[in-house]
Trainee: 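Encoded as structure tokens, here's the structure I'll be asking about.
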Amino acid sequence: MVGLYTSRIILDVLGVSDYGLYNVVGGVVVLFSFLTGALGGATSRYITYHVGKKNVEELIKVFGNLKTLHILLALVIFVLAETIGLWFLNTQLNIPAGREAASFWVYQYAMFSALIGILSLPYYSDLIAHERLGIYAVFTTIETVLKLVIVIVLPYIQYDSLIAYSFLFLLITTITRLLFLTYSRIKFVEAKTKPLFDKSLLHEISLFTIWTLVGHFAVMGTTQGLNILLNLFYGTVVNAARGVAVQVQGVIMQFCYNFQMALNPQLTKSYADGDLINMRRLLIISSKFSFYLLLLLTLPIVLETEIVLDLWLKSVPQHTIWFVRLILFQSLMLALSNPLSISIQATGKIKKIKIIEGLCQILTLPISFLVLMFSNYPPESVFIIGCLVEIFTQIIRVKLILPIISIKVSEYITEVIIPIIKVLFMASLLPFLYSICRESSILNFCISMLFCMISVCLCSYYLGLSHNERQYINRLIASKLSLSSVTRKFKS
């Protein structure tokens with residue numbers, strides 16, 4: 001939630017135009033660093049897989065070669081960013097007059113932030129593979145606090161606010177990534193190894209990365225391509241609206257990713273151990289609970305978007321309300337895609353999946369371009385297209401991935417899709433009727449938010465969980481209450 005607060009202050013301090021400029025210029029760097037996500041997926045898979053195998057010698061070998069690949073990647077991105085990237089920034093983007101120098105420094109700081117992230121990625125992945133989630137929570141909390149400090153001091157800095165914010169963001173990235181690196185080198189023997197060069201292993205990891213790259217290229221190309229399209233057709237104000245929507249999505253999705261982070265290593269380790277039954281159980285649990293958690297967070301915001309934005313932001317850019325609603329609906333689909341992606345990555349059989357998935361996702365960009373070019377549809381149409389394409393892509397994922405991990409599509413539909421559709425419909429019905437019938441006031445807004453959360457919790461429990469899953473939840477709650485009771489008695 002700190003992220004939502006900080007984005008409000010940043011939007012107020014920078015102004016709508018500079019906030020949009022920050023998003024579109026930073027997006028160019030993200031476009032060049034799409035290789036990071038692909039290699040990040042390979043890094044996570046190979047480290048987690050070999051941690052699950054419990055072969056320390058092989059793990060050290062894998063980690064050393066991964067360090068070599070990340071150094072090479074950082075050099076490639078640096079060269080691309082300082083040549084093609086600068087040309088694109090200076091000649092193709094719609095930069096407001098007088099902000100050319102600021103856009104240059106924003107670009108440079110964003111590039112170095114990306115490079116630091118690339119070089120530290122093996123250490124970050126190593127910590128997650130060993131399931132040190134408590135340490136991860138501490139480091140991310142430190143990062144959040146530092147971001148909060150930035151927005152507090154930024155209005156008092158007697159310098160260009162956009163440049164100052166970009167530099168301070170780079171500083172925070174450096175500090176937090178050094179924390180991950182230091183902890184991993186102290187705790188994990190493989191993290192101490194030097195860069196290694198094993199031709200066969202590098203070839204294997206590179207092939208995995210290339211096929212993962214297809215999917216990440218589609219995602220990054222579509223995401224940043226849409227950002228550039230909106231800039232070309234509507235200017236930086238619409239970029240600011242999209243920036244706010246993406247900020248909301250990022251904060252909400254982080255809760256979902258944190259939950260999935262606890263299960264992702266177990267999915268890969270279960271496959272490494274040959275335990276497909278446990279892998280199937282974890283896939284279903286991760287898919288359903290991720291969706292319910294995200295629905296719990298998104299439904300109140302979707303129904304009360306206007307009031308939430310008015311309370312959150314001092315100045316709400318035009319189009320933001322429907323941007324937020326549509327991007328949160330798309331996020332519900334993304335919650336289901338991640339467990340499937342982790343499962344297929346665990347097998348290593350990703351070539352066919354990633355090619356088809358990437359081709360499906362990239363359709364958003366040409367379709368959106370044609371719609372904006374040859375019709376009078378508003379910019380919201382881009383988000384609607386994105387939602388429809390994501391639904392189509394998820395159907396393809398289910399049909400292609402499940403047979404590979406020995407799960408019947410009919411079982412997935414019965415145990416995951418049907419329950420979440422029932423929960424989505426029933427949990428939304430009464431809160432939606434209440435939101436359109438009530439009078440606008442802070443009290444009714446609070447009641448509506450509470451109503452949404454209660455509705456999602458009850459529907460998820462009674463309609464979305466199997467008998468065994470409900471029993472597990474009951475035992476978990478009972479154990480927590482019992483522990484709390486014992487703690488109170490001990491203190492007294």
Side-chain angles (χ1 to χ4, degrees), residues 1 4 245 248-260 263 283-309 311 321-340 383-384 386-388 390-391 394-395 398 412-474 476-477:
M1 301 310 291
L4 293 178
V248 174
Q249 182 192 38
V251 172
I252 296 299
M253 286 300 295
Q254 191 60 49
F255 286 94
C256 181
Y257 290 147
N258 288 341
F259 169 75
Q260 292 177 342
L263 295 176
L283 172 63
I284 291 172
I285 289 175
S286 181
S287 299
K288 290 170 66 173
F289 280 74
S290 297
F291 187 91
Y292 300 149
L293 174 62
L294 207 58
L295 183 62
L296 177 68
L297 298 171
T298 58
L299 182 60
I301 298 176
V302 168
L303 294 182
E304 304 293 343
T305 310
E306 188 171 357
I307 296 179
V308 169
L309 291 176
L311 292 173
I321 293 175
W322 275 103
F323 280 13
V324 169
R325 287 170 174 165
L326 291 168
I327 205 169
L328 289 182
F329 178 78
Q330 188 175 3
S331 298
L332 292 173
M333 300 300 104
L334 294 175
L336 295 176
S337 69
N338 189 60
L340 289 170
F383 289 84
I384 295 174
C387 291
L388 295 175
E390 184 57 40
I391 292 173
Q394 182 64 13
I395 294 172
V398 168
Y412 184 83
I413 292 174
T414 301
E415 298 189 41
V416 177
I417 301 300
I418 292 177
I420 66 173
I421 290 176
K422 289 193 295 185
V423 171
L424 177 62
F425 178 75
M426 296 305 298
S428 306
L429 182 59
L430 292 180
F432 172 73
L433 294 175
Y434 177 77
S435 67
I436 61 176
C437 294
R438 67 172 176 80
E439 294 182 358
S440 180
S441 70
I442 295 297
L443 176 60
N444 286 332
F445 164 73
C446 294
I447 293 173
S448 178
M449 298 286 281
L450 183 61
F451 192 11
C452 286
M453 293 180 180
I454 293 174
S455 178
V456 172
C457 290
L458 291 177
C459 290
S460 298
Y461 182 82
Y462 288 106
L463 300 177
L465 301 181
S466 66
H467 176 69
N468 290 336
E469 289 166 346
R470 285 196 294 270
Q471 284 187 327
Y472 172 77
I473 294 295
N474 292 340
L476 183 63
I477 294 174

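Scope of the values below: all heavy atoms of this structure, side chains included, with no hydrogens, waters or symmetry mates. For the single chain, residues carry numbers from 1 onward in sequence order.
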Trainee: Please report the interatomic distance SG(C459) to CG(L465), rounded to the nearest 0.5 Å.
Mentor: 11.5 Å
Trainee: The test is side chain to side chain contact (heavy atoms under 4.5 Å, CB included); show your working for L332 and F291 and say whether it passes.
Mentor: CA-CA 6 Å; L332 292 173; F291 187 91; 3.8 Å; yes
Trainee: Quick one: are I252 and S331 in side-chain contact, heavy atoms under 4.5 Å?
Mentor: no
Trainee: Determine whether a donor-acceptor pair (N or O, by modelled atom type, separation under 3.5 Å) exists between the side chain of S337 and the backbone of L334.
Mentor: yes
Trainee: Check the surroundings of atom CD in Q249: do more than 12 heavy atoms from other residues, nucleotides or ligands lie under 6.0 Å from it?
Mentor: yes
Trainee: Nearest 0.5 Å, what's the CG-OG distance between L430 and S435?
Mentor: 11.0 Å
Trainee: Rounded to the nearest 0.5 Å, how far apart are CD1 of I307 and OG of S448?
Mentor: 8.0 Å
Trainee: Ignoring hydrogens and angles, tell me if any N or O in the side chain of Y412 forms a donor-acceptor pair with the backbone of V398 under 3.5 Å.
Mentor: no
Trainee: Could you walk me through whether T305 and W322 pass the side chain to side chain contact (heavy atoms under 4.5 Å, CB included) test, one step at a time?
Mentor: CA-CA 8 Å; T305 310; W322 275 103; over 6 Å; no
Trainee: Between I301 and L297, does the side chain to side chain contact (heavy atoms under 4.5 Å, CB included) criterion hold? Intermediate values first, please.
Mentor: CA-CA 7 Å; I301 298 176; L297 298 171; 5.7 Å; no
Trainee: So which atom in I417 and which in I420 form the shortest heavy-atom distance, rounded to 0.1 Å?
Mentor: O-CG1, 3.1 Å
Trainee: Can you name the nearest heavy-atom pair linking F259 to L293, along with the distance?
Mentor: CB-CD2, 4.0 Å
Trainee: Evaluate the criterion side chain to side chain contact (heavy atoms under 4.5 Å, CB included) for residue pair N338 and S290; output intermediate values, then yes/no.
Mentor: CA-CA 10 Å; N338 189 60; S290 297; over 6 Å; no
Trainee: Could you tell me which residues satisfy ring pair (Phe, Tyr, Trp, His ring centres under 6.0 Å) with F383, sequence neighbours excluded, listed by chain and number?
Mentor: F323
Trainee: Nearest 0.5 angstrom please: L463 CG to L424 CG, how far?
Mentor: 12.0 Å
Trainee: Determine whether a donor-acceptor pair (N or O, by modelled atom type, separation under 3.5 Å) exists between the side chain of S287 and the backbone of L283.
Mentor: yes
Trainee: Give me each pair satisfying salt bridge (charged side-chain N to carboxylate O under 4.0 Å, His left out) with a member in residues 456-472, each pair once, sequence neighbours excluded.
Mentor: K288-E469
Trainee: So does A335 get a backbone contact from the side chain of Q260, meaning a donor-acceptor N/O pair under 3.5 Å?
Mentor: yes
Trainee: Looking only at heavy atoms, which two atoms of M333 and E390 are closest? And how far apart?
Mentor: CB-CG, 3.4 Å
Trainee: Look up atom CG in L299 and atom CE in M449, then write down how far apart they are to the nearest 0.5 Å.
Mentor: 9.5 Å
Trainee: Where do P419 and I413 come nearest, in terms of heavy atoms and distance?
Mentor: CD-O, 4.1 Å
Trainee: For V302 versus R325, what's the shortest heavy-atom pair and its separation?
Mentor: O-NE, 3.1 Å
Trainee: Please find the pair of heavy atoms, one from P300 and one from L295, that lie closest to each other, and give the distance.
Mentor: CD-O, 4.2 Å
Trainee: Does F432, at its CZ atom, have more than 12 non-hydrogen atoms belonging to other residues, nucleotides or ligands within less than 6.0 Å?
Mentor: no
Trainee: Heavy atoms, side chains only, cut-off 4.5 Å: are F445 and V308 in contact?
Mentor: yes
Trainee: Would you compute the distance between atom CG of L450 and atom CD1 of I447 and round it to the nearest 0.5 angstrom?
Mentor: 8.5 Å
